[in-house]
S.K.: 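Before I ask anything, let me first share the structure, which is written out below as structure tokens.
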Amino acid sequence: MAAAELLSQEFELGFTYTRSTGPVVGKFLTGLRDGKVYGVRGSDGRVLVPPAEYDPVTAAPLTDFVEVGQEGRLLSWCWVSEPREAHLLQQPFAWAMVQLDGADVPMIHCLEAPSAEAVTTGARVSISWADERQGFITDIRCFTLLQGAAS
Amino acid sequence: MAELAAVVGIGQTRYKTRRTDVSIAGLLREAVDRALADADVTFDDIDAVIIGKAPDMFEGVVMPESYLADALGAMGKPMLRVHTAGSVGGSTAIVAASHVQSGTFKRVLTVTFEKQSESNAMWALSTPQPFSVHLNAGAGGYFAPIIREYIRRSGAPGDIGIKVAVKDRRHGARNPLAHLQLPDITEQEVRDSMMLWDPLRFLEACPSSDGACAMVIAAEDSITGSKPPAWIRGVAMRSEPTMYAGREEVNPQAGRDCAADVYAQAGITNPRKDLDCAEIYVPFSWYEPMWLENLGFAPEGEGWKLTQEGATSLDAGGDIPWNCSGGVLCSNPIGASGMIRFAEAARQVRGDAGAHQVEGARLAMGHAYGGGAQFFAMWIVGADKG
Amino acid sequence: MREIAVVAYSQSPCVADAGATNEVELIMPQLQAVYSQLGLASAQDVDFVCSGSCDYLQGAAFAFVAGVDALGAVPPIKESHVEMDAAWALYEAILKIRMGHADSALIYGFGKSSPGELPIVLSQRLDPYYLAPLWLDTVSLAALQARLLLEQGLLTEHDMAAVVARSRHNALANPLAQLAGEFSVEELLAEEHFVAPLRRADCSPVSDGAAAMVIATVEQARAWGAPYARITGIDHRIENHNPCLRDLTDSVSTRQAAAAAGVHRGPVDVAEVYAPFSHQEILLSRALELAPETLVNPGGGVLAGNLMMASGLARVGEVFRRIINGEAGRGVAHATSGPCLQHNLVAVLEGA
Amino acid sequence: MSEPQADVTVVKSPVYLKYRFTAGSAPARFLGRLKEGVLTGQRCPRCSNVYIPARGSCPACGVPTEKEVVLSDKGTVQSFTIVSIPIPGNPIEPPYIVANIVPDGANISFIHLLSECVNEEVHIGQRVQALWKPAAEWGYSMDNIRYFRPLDEPDVAVDRIGKLPVTGLES
């Protein structure tokens, strides 16, 4: 019996999904499109950004929306020296856990920075909006460092 | 040896082609909130959460139970995700029941869903892969030849499928949650609908739906709610390979064995006589006569006679109504479809099935199948403990 | 409650790319191995079969259906599947035995992750509105966690490198490992960062393979006459999905599962901890409250080879092996699932 | 000022993943022979049934299959359906026939197209043969067979479908 040839071929598994947002995710994405950031107040009083649909402690539906700031503080980060093809930024960048002003928990998004050395935990960062906003999480293009304002 | 367990809460969404008003989590919560309310419990009373759905490609969320933990109030609890192809709704209910029947938990929440409108069912069920050796003509293309063989060997008249299609849609018109609402459907309309996969016409096939179904299952000492519990009298699952030499595709042995197992547990010797009604997974009309035989409601080759004489019709006053809720032919959120059968069987024996109630139902069967009619899950629920 | 024991276990080597080996071909040798440990002919000789796998690893819907072709399921068998690590298939099988619907069960898990880019595939496990569209890969997410631990002074990069050095060293004695060798902490720290603060060596490799196990009631285990280890406790708990809503410096669900499984009721000779990243082994060992004398991941753990969807089951299998070999009397196995240790399972095994 | 826009309720989310698929060794052997215009199956060492396309195991016995068997490109219609909707990604125009065909020498059917026939006259037990594409177009694909077409041979009794030797009806 002849040895089997190695049959190998690339393929793409993909679909452009149509996601209905429901009221909570919809509020947040509508806000992004309009250049605003909304969180929601949880059962323990914490402001959660992006807004959780259901309370992280009690699972109750959440509806008490709060607009929060567009600047915040870097709580943790990591440096991607070789971005993957799927990543939104193709230059070396950081993933950032950012607690926006007025929020009580951080959110994760990309952070554009010239180098890992420029990034420090505690740094002040600001939202950099996408040129065209459509109501999607990528309306936040990324975070950027605010100069000389470590807190 | 198994501990006694019962369904004490049932919640379903309205089934629709597209539920654009809710997120994925919101869709599940609609069913879950109704099930908790029906059982008169809150998340605090739930010990574990068991979730099921068909392939993740439908919504494009990998192992979505991770994301859904918060919405299902599972924090700090065990959570399990079942996936057994089309039978998953049924097997999820059985796995959930085992959490209680094993004596491990007092009360569990189980939920299944599909939000098929996020993608496209045809695509999600047969995503492209290189070097596939099988021609893919969709689910109908797979099952239609098996139906043709059934018709050949049973000699069933050609209109049996049409009768099932009309009967289940008329049943569905009694059920406000049903996706297809076709109260005035006629046999002529079904006959005139497009022949998709000969001998299956458009109106003989199930729709593609968004929806979720949830249940609360509790131990004998933890029954809640004001409605009577539906006691779980038997549970069974069977699997066999998709293809093997000599496989009986029309009347799969896995289905026959599964039924024999679940009947033995519930003390059923004559399903047509002993059961008051059944919710059986019939996604294509002809599967009613085929499953009537496979499940022992009729001798081999004679299932179609029950359909023909109206034995399975609530409207015709049949002695063994099948799919009073309208069945899969009216609503088909794939991952939930099996659990809907199990839940609707429970609704019947709780006397809580509304306009599609079978009067005085005491013992009912829920059934689900999947893959190439190779995975089976069944349960029997009763108004009595047994 | 019925006493249940692990009676047979086998795992394939961890390989970076199983190449021309499909699911059936991956699974079958492991099934044959556990059958031969017990003198069974096929899955017909157990009462229940449960498997764990994930369609998205290789990008094909219903991958597990093909797995059934490896079982010899004619006549039909009692069988189920979880879209989770097979450690949760084990959990389902235990419930089935406890309720008296089975006296024995075959459990298997398999994963062929090499066809895809696993950290990116798993990014789509994050919530579909806020995080998945960012393609936040699992390595980056773990790196965010590692920095929190580092900057709060809960561990050092030296500690992390020490975990890696021990894993590579231990793996030298593990013929199934993918990565093994003698490395000093200094050598490891001299490597460049991959996703800082993580180095490549801090991350488990992507491996293809399968694992299989047979469990049974203690009565059945004795009837088979094979050495066995009793499962004296098992529990699993899940936490919030969004990693930002959890304390990433601890694993609350591991603590809950460990307490419920009875980890602290006796000394722990060996612990197999499913830590895909070096810092997580330290974090999890603390959450499990392991004593300094407990042997942790003596075969190298998943840092030496990570069979996605089977590694959790493999942790249980490894503890079983140590116990029946007489190397340990009581051991703890841990499995994890979900982003950044969202969901954790803990099992306690003890000698017969 | 532009009109205030409606709230966001639906978003489009592209989820595209790249994979490199490698066929298993049994399917690869099958496809390799198919590229040479030969249909092959594998015989189970335990139950002796011949499987096409081989997946590497006998699904009934759960044991590896290794013995390759050359099959005929003649076969029998086990069942079929006339399809009126297109197959995604396939140029064939409805209505067309999809048939479960057992090649002579095998004990299991596969699904393929049936053509050059009157749709209404196709029947279970009918004899058919593969129409191959020109050899220059053969690849690692069942598409090497354009379709099956009726053979002028007597029908196979239903209880013999799936049991014919590789020599077909002649034996």
Side-chain angles (χ1 to χ4, degrees), chain B residues 18-23 56-57 59-62 117-120 122-123 125-138 140-153 193-202 205 239-247 249-250 372 374, chain D residues 9-10 13-15 17 19-24 27-28 30-31 34 44 47-53 55 57-62 77-85 87-90 94-100 106-113 119 123-124 140-143 158 162-163:
Chain B
R18 280 188 181 77
R19 281 296 305 269
T20 53
D21 57 325
V22 286
S23 65
D56 294 353
M57 282 93 191
E59 295 83 9
V61 184
V62 176
S117 67
E118 303 239 332
S119 67
N120 169 299
M122 277 282 269
W123 174 83
L125 290 174
S126 57
T127 53
Q129 214 174 18
F131 309 118
S132 56
V133 285
H134 285 289
L135 183 76
N136 188 347
Y142 181 86
F143 289 111
I146 300 173
I147 290 168
R148 177 178 303 278
E149 168 61 11
Y150 169 73
I151 295 172
R152 186 200 64 77
R153 48 167 105 159
S193 68
M194 187 179 172
M195 187 65 89
L196 298 181
W197 304 280
D198 194 339
L200 280 174
R201 296 171 180 82
F202 175 72
S239 306
E240 67 183 33
T242 317
M243 305 180 109
Y244 61 91
R247 176 167 186 238
E249 289 182 298
V250 172
Q374 64 188 113
Chain D
T9 57
V10 172
S13 191
V15 180
L17 292 161
Y19 294 88
R20 169 166 282 281
F21 177 82
T22 304
F30 170 77
L31 292 164
L34 193 59
C44 172
C47 68
S48 300
N49 282 307
V50 174
Y51 283 90
I52 172 173
R55 291 187 36 82
S57 75
C58 169
C61 302
V77 174
Q78 189 179 53
S79 194
F80 66 97
T81 177
I82 306 166
V83 185
S84 306
I85 49 174
I87 301 176
N90 192 309
Y96 53 90
I97 295 191
V98 170
N100 301 53
N107 301 108
I108 196 156
S109 67
F110 56 77
I111 295 173
H112 215 298
L113 299 170
N119 286 359
H123 53 274
I124 292 170
Y140 298 102
S141 168
M142 276 302 261
D143 294 345
V158 170
K163 294 173 186 163

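All figures in this text were calculated on a predicted structure; none of them were measured in a lab. Chain A is the first sequence line, chain B the second, and so forth, proteins listed ahead of strands; every chain is numbered from 1.
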S.K.: Is there a donor-acceptor pair under 3.5 Å between the side chain of D:S79 and the backbone N or O of B:R148?
M.R.: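 No; judged by distance alone, with no hydrogens or angles, the pair does not exist.
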
S.K.: Write down the atom of B:P241, the atom of D:A60, and the distance for their closest heavy-atom approach.
M.R.: CG-N, 4.5 Å

S.K.: Counting only non-hydrogen atoms closer than 4.5 Å, does D:F21 touch chain B with its backbone (N, CA, C, O), its side chain (CB onward), both, or neither?
M.R.: both

S.K.: Donor-acceptor pair, distance only, cut-off 3.5 Å: does the side chain of D:Y51 make one with the backbone of B:A245?
M.R.: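 Side chain of D:Y51 to backbone of B:A245, a donor-acceptor pair under 3.5 Å: yes, one is there.
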
S.K.: What is the distance from atom CG of D:N107 to atom OH of B:Y244, rounded to the nearest 0.5 Å?
M.R.: 13.5 Å

S.K.: Just do the side chain to side chain contact (heavy atoms under 4.5 Å, CB included) check on B:D198 and D:F80 with the steps written out, would you?
M.R.: CA-CA 9 Å; B:D198 194 339; D:F80 66 97; over 6 Å; no

S.K.: Just wondering, do D:V158 and B:R152 contact through their side chains at under 4.5 Å, heavy atoms?
M.R.: yes

S.K.: Non-hydrogen atoms of chain B under 4.5 Å away: do they reach the side chain of D:I97, the backbone, both or neither?
M.R.: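 Contact with chain B: none, neither part.
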
S.K.: Which value, rounded to the nearest 0.5 Å, describes the distance between B:F131 atom CZ and D:L34 atom CG?
M.R.: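 CG of D:L34 is found 12.0 Å from CZ of B:F131.
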
S.K.: Quickly, which of D:T81, D:V77, D:I124 forms a side chain to side chain contact (heavy atoms under 4.5 Å, CB included) with B:P145? Name it, please.
M.R.: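 Only match with B:P145 under side chain to side chain contact (heavy atoms under 4.5 Å, CB included): D:T81.
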
S.K.: Just jot down the side-chain hydrogen bond (donor to acceptor under 3.5 Å, both in side chains) partners of B:E59, sequence neighbours excluded, or say none.
M.R.: B:K53

S.K.: CD of B:E249 to CG of D:N100: how many Å apart, nearest 0.5 Å?
M.R.: 6.5 Å

S.K.: Counting only non-hydrogen atoms closer than 4.5 Å, does B:Q129 touch chain D with its backbone (N, CA, C, O), its side chain (CB onward), both, or neither?
M.R.: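 Just the side chain, heavy atoms under 4.5 Å.
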
S.K.: Mind listing the closest non-hydrogen atom pair of D:S84 and B:M194 along with its distance?
M.R.: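 Shortest heavy-atom separation between D:S84 and B:M194 comes out as O-CE, 3.2 Å.
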
S.K.: Pick from D:I108, D:L17, D:V15, D:N49: which one has the most heavy-atom pairs with chain B under 4.5 Å?
M.R.: D:I108

S.K.: Considering non-hydrogen atoms only, spot the tightest contact between B:M243 and D:P59 and give its length.
M.R.: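 The pair with the smallest heavy-atom distance is O-CG, 3.2 Å.
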
